[in-house]
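All values below were derived from every heavy atom in this structure, side-chain atoms included, with hydrogens, water molecules and symmetry-related copies excluded.
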Amino acid sequence: MKNDAETHTVYLALGSNMGDRQAYLQRAVNEIEKQVGHVVRQSAFHVTKPVGFDSENLFVNAALCCVTSLTPHELLSVTQRIERQLGRRRKSKNGIYHDRVIDIDILLYDDITVNDPDLIIPHPRMYERSFVMIPLKEILENIPPQP
């Protein structure tokens, strides 16, 4: 993490449906604390069914709030690096999902909107996904209005 004085509040969603799912989430939380910034709040772990694809493997999902000095694109780069460090080899593309050891999504970054080809904030599908919203509501008092 950079040592800039300015910090930002970010909300992240985590999910895993392979191997020791809770251990992967905890390792992701630990790496986020090291590489992104201080984890201020963390939801409970929630077991959910896969959405958008068929799998016999249930997910464990959680949400985090942390403070960071990273820019939105730096945050994306670091979270993708953490996914690779934990063993993720491919990302979902064009709505085609698959089993994964870890998934880290940026949900919110302060109150800004980003609409770039590689990054959209707020996360474009978070409001339609209960596996994101239930953990997020645990740690967020005022959820931004749905666009």
Side-chain angles (χ1 to χ4, degrees), residues 1-2 6-18 21-22 24-55 57-147:
M1 190 170 88
K2 299 187 316 184
E6 186 176 6
T7 59
H8 307 279
T9 301
V10 298
Y11 290 86
L12 305 173
L14 284 68
S16 174
N17 79 327
M18 294 178 66
R21 301 161 301 167
Q22 291 188 2
Y24 277 115
L25 289 190
Q26 191 56 57
R27 288 175 60 199
V29 171
N30 295 344
E31 289 303 317
I32 288 166
E33 179 83 34
K34 290 178 195 172
Q35 298 183 46
V36 172
H38 177 61
V39 175
V40 178
R41 290 186 300 282
Q42 176 183 329
S43 75
F45 290 167
H46 296 264
V47 177
T48 62
K49 293 180 180 177
V51 173
F53 72 105
D54 292 325
S55 175
N57 302 318
L58 296 176
F59 273 87
V60 174
N61 296 98
L64 302 178
C65 173
C66 61
V67 291
T68 188
S69 60
L70 299 174
T71 67
H73 283 89
E74 289 170 336
L75 178 60
L76 177 63
S77 177
V78 170
T79 57
Q80 289 177 339
R81 181 174 68 224
I82 292 168
E83 288 176 334
R84 288 190 304 274
Q85 287 173 336
L86 295 180
R88 181 140 187 202
R89 296 294 170 243
R90 59 183 182 155
K91 291 292 284 183
S92 304
K93 292 191 180 189
N94 300 322
I96 299 171
Y97 300 103
H98 49 80
D99 292 326
R100 47 207 173 267
V101 294
I102 192 68
D103 186 32
I104 305 170
D105 288 333
I106 302 168
L107 302 176
L108 302 165
Y109 184 104
D110 289 339
D111 61 353
I112 69 165
T113 299
V114 176
N115 194 1
D116 293 338
D118 62 334
L119 179 62
I120 299 173
I121 301 173
H123 191 286
R125 291 172 302 284
M126 69 183 215
Y127 290 103
E128 58 195 55
R129 295 177 169 173
S130 61
F131 65 86
V132 171
M133 295 307 294
I134 291 171
L136 182 60
K137 286 178 181 180
E138 285 182 28
I139 62 170
L140 182 65
E141 292 181 16
N142 297 313
I143 297 174
Q146 185 171 348

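- Between Leu75 and Val36 the shortest side-chain heavy-atom distance falls below 4.5 Å.
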**Message:** Does Val10 form a side-chain contact (heavy atoms from CB on, under 4.5 Å) with Leu107? I'd like the steps, not just the answer.
**Reply:** CA-CA 8 Å; Val10 298; Leu107 302 176; over 6 Å; no

**Message:** For Arg81 and Val78: C-alpha separation, side-chain torsions, deciding distance, then whether side-chain contact (heavy atoms from CB on, under 4.5 Å) applies.
**Reply:** CA-CA 5 Å; Arg81 181 174 68 224; Val78 170; 3.7 Å; yes

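- Shown here is Asp118, whose CG atom has more than 12 heavy atoms of other residues, nucleotides or ligands within 6.0 Å.
- Applying the side chain to side chain donor-acceptor pair (under 3.5 Å) test to His46 and every residue at least two apart in sequence or in another chain returns Glu138.
- For Gln26, the side chain to side chain donor-acceptor pair (under 3.5 Å) test picks out Asn30, with sequence neighbours left out.
- Tested against Tyr109 for a side chain to side chain contact (heavy atoms under 4.5 Å, CB included), the candidates Thr113, Asp111, Ile112 yield a single pass: Ile112.
- Between Leu119 and Val114 the shortest heavy-atom distance is O-CG1, 3.5 Å.
- Taking the side chain to side chain contact (heavy atoms under 4.5 Å, CB included) definition, one finds that Thr9 meets it with Tyr11, Cys65, Val67, Asp110, sequence neighbours left out.
- Closest approach of Leu12 to Cys66, counting heavy atoms only: CD1-SG, 4.3 Å.
- Nearest heavy-atom pair, Val101 versus Leu86, reported as atom, atom and distance to 0.1 Å: CG2-O, 3.6 Å.
- A donor-acceptor contact shorter than 3.5 Å is absent between the side chain of Ser69 and the backbone of Glu6.
- A donor-acceptor pair under 3.5 Å is formed between the side chain of Glu83 and the backbone N or O of Ile104.
- With rounding to the nearest 0.5 angstrom, the CZ atom of Arg41 is 7.0 Å from the CG atom of Leu140.
- Here Asp116 pairs with His73 under the side chain to side chain donor-acceptor pair (under 3.5 Å) rule; sequence neighbours left out.
- Taking OG1 from Thr7 and NE2 from His38, the interatomic distance works out to 11.5 Å, rounded to the nearest 0.5 Å.
- At a cut-off of 3.5 Å, with distance as the only test, a side-chain donor of Gln35 or Gln85 sits close to an acceptor on the other residue.
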**Request:** Evaluate the criterion side-chain contact (heavy atoms from CB on, under 4.5 Å) for residue pair Thr48 and Ile134; output intermediate values, then yes/no.
**Result:** CA-CA 11 Å; Thr48 62; Ile134 291 171; over 6 Å; no

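- Scanning all heavy atoms of the two residues, the minimum distance from Val29 to Val39 falls at O-CG2, 4.3 Å.
- Rounded to the nearest 0.5 angstrom, Arg125 CZ and Asp105 CG are separated by 8.0 Å.
- In this structure, Ser130 OG and Leu136 CG are separated by 12.5 Å, a value rounded to the nearest 0.5 Å.
- Across all non-hydrogen atoms, the minimal contact from Pro72 to Ile121 is CB-CD1, 4.1 Å.
- Remark: Ser43 engages no residue in a side chain to side chain donor-acceptor pair (under 3.5 Å) (not counting sequence neighbours).
- Atom CD1 of Ile120 sits about 11.5 Å away from atom CD1 of Ile106, to the nearest 0.5 Å.
- Asn17 is linked by a side chain to side chain contact (heavy atoms under 4.5 Å, CB included) to Phe53, Ser55, Asn57, Phe59, Asp99, Arg100, counting only residues two or more places apart in sequence or in another chain.
- Every residue was checked against the ring pair (Phe, Tyr, Trp, His ring centres under 6.0 Å) condition with His123, not counting sequence neighbours, and none meets it.
- The closest donor-acceptor contact from the side chain of Arg21 to the backbone of Val60 lies at 3.5 Å or more, if one exists at all.
- Residues passing the ring pair (Phe, Tyr, Trp, His ring centres under 6.0 Å) test with Phe131, sequence neighbours excluded: none.
- Once rounded to the nearest 0.5 Å, the distance linking CD1 of Ile139 with CG of Leu64 reads 6.0 Å.
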